[in-house]
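If you read the sequence from its start, that first residue is 1, and numbering goes on from there. Values below: every heavy atom of this structure, side chains too, minus hydrogens, waters and symmetry copies.
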Amino acid sequence: DDTFLVGRPRVESFIDHIRARGISKRFIVYSRADFIVDNRDLLAPLREAGVIDVIVGLEAVNDRDLEAWNKHSTAEVNALCVQFLREADIHLTALFMIGVDATVQDFRDLESWIDRNKIDVFTLSVFLPIPGTPAYDAYRDRLTATDISRWDFLHLVLEPGNLPRWRFYYEMVRLYSRMLRKKPKNLLLAFPWLYRRVHGLERAKRV
């Protein structure tokens with residue numbers, strides 16, 4: 001499920017069934033930040049049930065961008081989400097969206113927020129307007145690519161408003177490089193073949 005922690009009764013039912021059946025598994029699930037904050041009391045039972053990592057679309061670290069993207073959340077909620085997951089001993093994978101009008105200062109503010117909240121693993125997506133949404137009509141005149149293979153939230157399909165394209169990409173790579181330098185093991189997750197080799201799984205597979 002793209003958003004597993006979406007309704008409290010459903011989550012409570014999941015926890016009850018895991019307990020009743022004595023299932024011992026580890027789970028990685030998606031959630032919104034506001035669900036985590038509004039249902040803090042469910043985090044410990046979820047951890048007990050085997051949830052070890054929650055992937056959360058924080059998207060932005062300031063209210064301006066969150067409001068512009070109609071996120072119905074706030075920067076304060078994002079910070080509390082990070083805090084509550086850490087206190088429950090549940091790992092966080094944070095998802096952020098970079099707006100095409102981002103400035104160098106916006107990248108630095110995101111970097112500072114990540115450092116301040118001690119986020120170890122995160123992903124960066126590039127904003128793109130999805131056809132059929134109001135955003136597509138609003139940004140249609142700035143489209144620079146129509147090849148669907150580039151509409152992957154990793155490539156710029158709009159002309160950046162404040163940075164040259166090379167600088168926009170440089171700032172993204174710079175942030176990722178900091179994450180890998182601080183937590184080199186994340187490099188193994190980025191390259192599965194290397195992870196398998198380090199853990200001897202390649203040899204085991206051949207045997």
Side-chain angles (χ1 to χ4, degrees), residues 1-63 65-66 71-98 109-125 153 172 175-201 204:
D1 293 334
D2 195 35
T3 307
F4 187 82
L5 306 185
V6 67
R8 185 179 178 96
R10 182 172 182 268
V11 174
E12 290 176 329
S13 177
F14 167 76
I15 294 171
D16 290 342
H17 279 79
I18 291 292
R19 287 173 173 169
R21 301 187 182 198
I23 295 174
S24 179
K25 297 287 185 181
R26 292 186 296 174
F27 301 95
I28 298 174
V29 299
Y30 280 83
S31 178
R32 282 182 54 95
D34 51 4
F35 183 91
I36 296 293
V37 173
D38 293 341
N39 298 274
R40 182 183 184 183
D41 61 304
L42 289 180
L43 295 182
L46 280 168
R47 182 67 178 86
E48 181 184 343
V51 173
I52 60 170
D53 191 306
V54 177
I55 304 171
V56 183
L58 299 180
E59 313 305 352
V61 297
N62 61 70
D63 291 336
D65 288 339
L66 290 169
K71 185 66 178 177
H72 299 291
S73 189
T74 65
E76 180 182 8
V77 167
N78 283 350
L80 288 173
C81 171
V82 175
Q83 175 188 334
F84 292 167
L85 286 173
R86 180 175 294 114
E87 291 174 352
D89 192 29
I90 298 176
H91 189 266
L92 165 70
T93 297
L95 313 183
F96 295 105
M97 182 77 71
I98 307 298
D109 290 344
L110 175 57
E111 180 180 354
S112 297
W113 197 91
I114 289 172
D115 286 345
R116 189 165 60 252
N117 288 278
K118 299 180 175 61
I119 295 177
D120 295 332
V121 180
F122 60 86
T123 67
L124 306 174
S125 297
F153 292 96
M172 290 188 64
L175 262 177
Y176 274 130
S177 298
R178 280 176 50 85
M179 177 178 68
L180 295 176
R181 287 199 306 271
K182 293 175 65 176
K183 292 286 184 178
K185 68 178 182 179
N186 290 337
L187 185 62
L188 302 181
L189 302 179
F191 299 98
W193 64 269
L194 181 59
Y195 179 89
R196 292 195 299 269
R197 183 173 296 276
V198 169
H199 288 270
L201 300 182

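Between the CD1 atom in I15 and the CZ atom in R10 there is a gap of 12.0 Å [rounded to 0.5 Å]. Put simply, CG on L85 and OG on S31 are 7.5 Å apart, with the number rounded to the nearest 0.5 Å. Here CZ of F84 is found 8.5 Å from CG of L43. Values are rounded to the nearest 0.5 Å.
A heavy-atom distance below 4.5 Å is not found between the side chains of V121 and L92. Side-chain contact check for N62 versus D109: every heavy-atom pair is 4.5 Å or farther apart. The shortest distance between side-chain heavy atoms of L175 and F96 does not fall below 4.5 Å. Residues L110 and I98 form a side-chain contact, since some pair of their non-hydrogen atoms from C-beta on lies under 4.5 Å apart. The shortest side-chain heavy-atom distance between N39 and E12 does not fall under the 4.5 Å cut-off. Counting only heavy atoms from C-beta outward, the side chains of I52 and R47 approach each other to under 4.5 Å. Using a 4.5 Å heavy-atom cutoff, the side chains of L5 and L42 are not in contact.
By the side chain to side chain contact (heavy atoms under 4.5 Å, CB included) test, S24 is found to be paired with no residue, residues two or more places apart in sequence or in another chain being considered. Judged as a side chain to side chain contact (heavy atoms under 4.5 Å, CB included), and not counting sequence neighbours, the contacts of D34 are R32, D38, V77. Not counting sequence neighbours, the partners of D115 by the side-chain hydrogen bond (donor to acceptor under 3.5 Å, both in side chains) test are R178, K182. Every residue two or more places apart in sequence or in another chain that forms a ring pair (Phe, Tyr, Trp, His ring centres under 6.0 Å) with F14 is listed here: F4, F27. The side-chain hydrogen bond (donor to acceptor under 3.5 Å, both in side chains) test applied to D89 returns no partner, not counting sequence neighbours. Under the side-chain hydrogen bond (donor to acceptor under 3.5 Å, both in side chains) criterion, S13 pairs with H17, sequence neighbours left out. With sequence neighbours excluded, the residues that form a side-chain hydrogen bond (donor to acceptor under 3.5 Å, both in side chains) with R40 are E87. Checked against salt bridge (Lys or Arg N to Asp or Glu O under 4.0 Å), D65 has no partners two or more places apart in sequence or in another chain.
Sequence neighbours left out, the pairs with a member in residues 49-59 that pass side-chain hydrogen bond (donor to acceptor under 3.5 Å, both in side chains) are D53-H91, D53-T93. For the salt bridge (charged side-chain N to carboxylate O under 4.0 Å, His left out) condition, the pairs that include at least one residue of residues 13-30, sequence neighbours left out, are R19-E48.
Smallest separation of non-hydrogen atoms from V61 and W113: CG1-CD2, 3.3 Å. The two residues T74 and L66 make their nearest non-hydrogen contact at C-CD1, 3.4 Å. Across every non-hydrogen atom of V54 and Y30, the tightest pair is CG1-C, 4.5 Å. Minimum interatomic distance between I119 and A94 (heavy atoms only, all atoms of both residues): CG2-CB, 4.1 Å. Counting all heavy atoms, side chain and backbone alike, N117 lies closest to V82 at O-CG1, 3.6 Å. Annotation for A49 and I18: closest pair O-CG2, 3.6 Å, computed over non-hydrogen atoms.
The backbone N or O of A60 lies less than 3.5 Å from a partner atom in the side chain of N78, making a donor-acceptor pair.
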Checklist entry - D120 and R86: salt bridge (charged side-chain N to carboxylate O under 4.0 Å, His left out), yes or no, with the steps? => result CA-CA 11 Å; D120 295 332; R86 180 175 294 114; over 6 Å; no
